[in-house]
Chemist: 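Before I ask anything, let me first share the structure, which is written out below as structure tokens.
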Protein chains: 2
Amino acid sequence: MNNYTEILRQHNLKATPQRLEITNALYLNGHMSIERLYEIMLKKFSSISLATIYKNINLMLEASFIQEVKIPDAKSVYELTKEAHAHVICSECGEIVDIELNLDSVVSNAAKLSNYKINKSDLILSGTCKNCQ
Amino acid sequence: MNNYTEILRQHNLKATPQRLEITNALYLNGHMSIERLYEIMLKKFSSISLATIYKNINLMLEASFIQEVKIPDAKSVYELTKEAHAHVICSECGEIVDIELNLDSVVSNAAKLSNYKINKSDLILSGTCKNCQ
DNA sequence: CTCTGTGCAAAGCGTTTGCAAACGA
DNA sequence: TCGTTTGCAAACGCTTTGCACAGAG
């Protein structure tokens, strides 16, 4: 069993039933838009407010407990923070897959070319999933 | 001199003064938010409407004449469509630099891992520019 | 001359805010 | 008990729409 109660508290967030369910939904679904999250939350909390969703998503973002993924030509989705990874997105069905890629050489190359000190990379690959091909 | 008149027409867009100026502003500035573009347009067309900006940006996006760049923790910016490239962004001053990187091996690796057919990659690197370091 | 584009005002929509009641620790 | 969170309703801000006039081709 996951004990997100403790993990929420470690991020200075009280473990309310709503927050535990948001966390659980993100854990089970991987990535969710606000809209989809709201639909799912309604099943458990029939009178939950969108304002509650937004407030919690924003608090969780500030605490780096979750992260936003901005997708070309689509709504943002949110995911629990974990090791760095790239996203592969099917432009047909919208499915999102996480993949672990080593971007070290790409990043060091980019640092050289740009003269920037780089501390974060966001890579989104778009294409067609197996089912939709 | 750039003749964007012809290029706009090739994208089925009439070459109005407003559109030529939007194009010119993007050419000169590289990347611009709606807000910044509006400010700049106001200098040339003191009574231009934000609605005109939005309508044209949307038409240009549909025509693939320009592209949107979604940036983590910041507003989207728009740029003239050109060869594929990555973006490096300074989280201090917001400066955006284009760099040409060969992502072929990364992409083929990702295709293998995900079983997707990949046709587009968006890479955004965040860090600190030379000036802000 | 015809059809498209512009500017203005109003409408729309996703997100945020203020507040009283409920709740977690 | 005390400070935080929730749900509701109202407010906000960005984006889109409808329409009459102006302008490109």
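Letters A, B, ... mirror the listed sequences (proteins, then strands); counts begin at 1. The structure presented is a predicted model; accordingly, all values stated were derived computationally and were not measured.
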Chemist: Whole angstrom is fine here: how far is it from CD1 in A:Ile57 over to C1' in C:dT16?
Modeler: 14 Å
Chemist: Do any N or O atoms of the protein come closer than 3.5 Å to N or O atoms of nucleotides 9-11 of chain C, and which pairs are they?
Modeler:
none

Chemist: In whole angstroms, how far is the P atom of C:dC8 from the CG atom of B:Leu42?
Modeler: 10 Å
Chemist: D:dT6 P sits how many Å from A:Leu13 CG, rounded?
Modeler: 10 Å
Chemist: At 4.0 Å (heavy atoms only), tell me whether B:Ser47 reaches a base, stays on the sugar-phosphate, or touches nothing.
Modeler: sugar-phosphate
Chemist: Measure CG/B:Leu59 against C1'/D:dT16 and give the value in whole Å, please.
Modeler: 12 Å
Chemist: With distance as the sole test, does A:Arg19 use its side chain to make a donor-acceptor pair with the main-chain N or O of A:Asn56 at under 3.5 Å?
Modeler: no
Chemist: Can you tell me the distance, in whole Å, between the CD1 atom of B:Ile53 and the C1' atom of C:dG5?
Modeler: 13 Å
Chemist: Please answer whether the main-chain N or O of A:Phe65 pairs with a side-chain N or O of A:Thr81 as donor and acceptor at a distance below 3.5 Å.
Modeler: yes
Chemist: Report the distance from atom CZ of A:Arg36 to atom C1' of C:dG14, rounded to the nearest whole Å.
Modeler: 19 Å
Chemist: Take atom CD of A:Glu62 and atom P of C:dT16, then tell me their distance rounded to the nearest Å.
Modeler: 10 Å
Chemist: Specify the residue among B:Glu35 and A:Gln18 whose closest nucleotide of DNA chain D lies further upstream toward the 5′ end.
Modeler: A:Gln18
Chemist: Among all residues two or more places apart in sequence or in another chain, which pass the ring pair (Phe, Tyr, Trp, His ring centres under 6.0 Å) test with B:His31?
Modeler: B:His87
Chemist: For D:dG13, does the base pair up with any side-chain atom of B:Lys75 as donor and acceptor (N or O, under 3.5 Å, distance only)?
Modeler: no
Chemist: Taking atom P of C:dC8 as reference, at what distance in whole Å does atom CZ of B:Phe45 sit?
Modeler: 13 Å
Chemist: Within the structure, does a side-chain N or O atom of A:Arg9 lie under 4.0 Å from either OP1 or OP2 of C:dG24?
Modeler: no
Chemist: Donor-acceptor pair, B:Asn29 side chain versus B:Ala25 backbone, under 3.5 Å?
Modeler: yes
Chemist: Testing the 3.5 Å rule here: is there a donor-acceptor pair between the side chains of A:Glu95 and B:Tyr116?
Modeler: yes
Chemist: At under 4.0 Å between heavy atoms, what does B:Thr16 touch on the DNA or RNA strands: base, sugar-phosphate, or nothing?
Modeler: sugar-phosphate
Chemist: With a 3.5 Å cut-off and no angle check, do the side chains of A:Glu62 and A:His11 form a donor-acceptor pair?
Modeler: no
Chemist: Is a salt bridge present between B:Asp122 and B:Lys70, judged by a nitrogen-to-oxygen distance below 4.0 Å?
Modeler: no
Chemist: Answer yes or no: does a side-chain N or O of A:Asn56 lie under 4.0 Å from OP1 or OP2 of D:dT6?
Modeler: yes
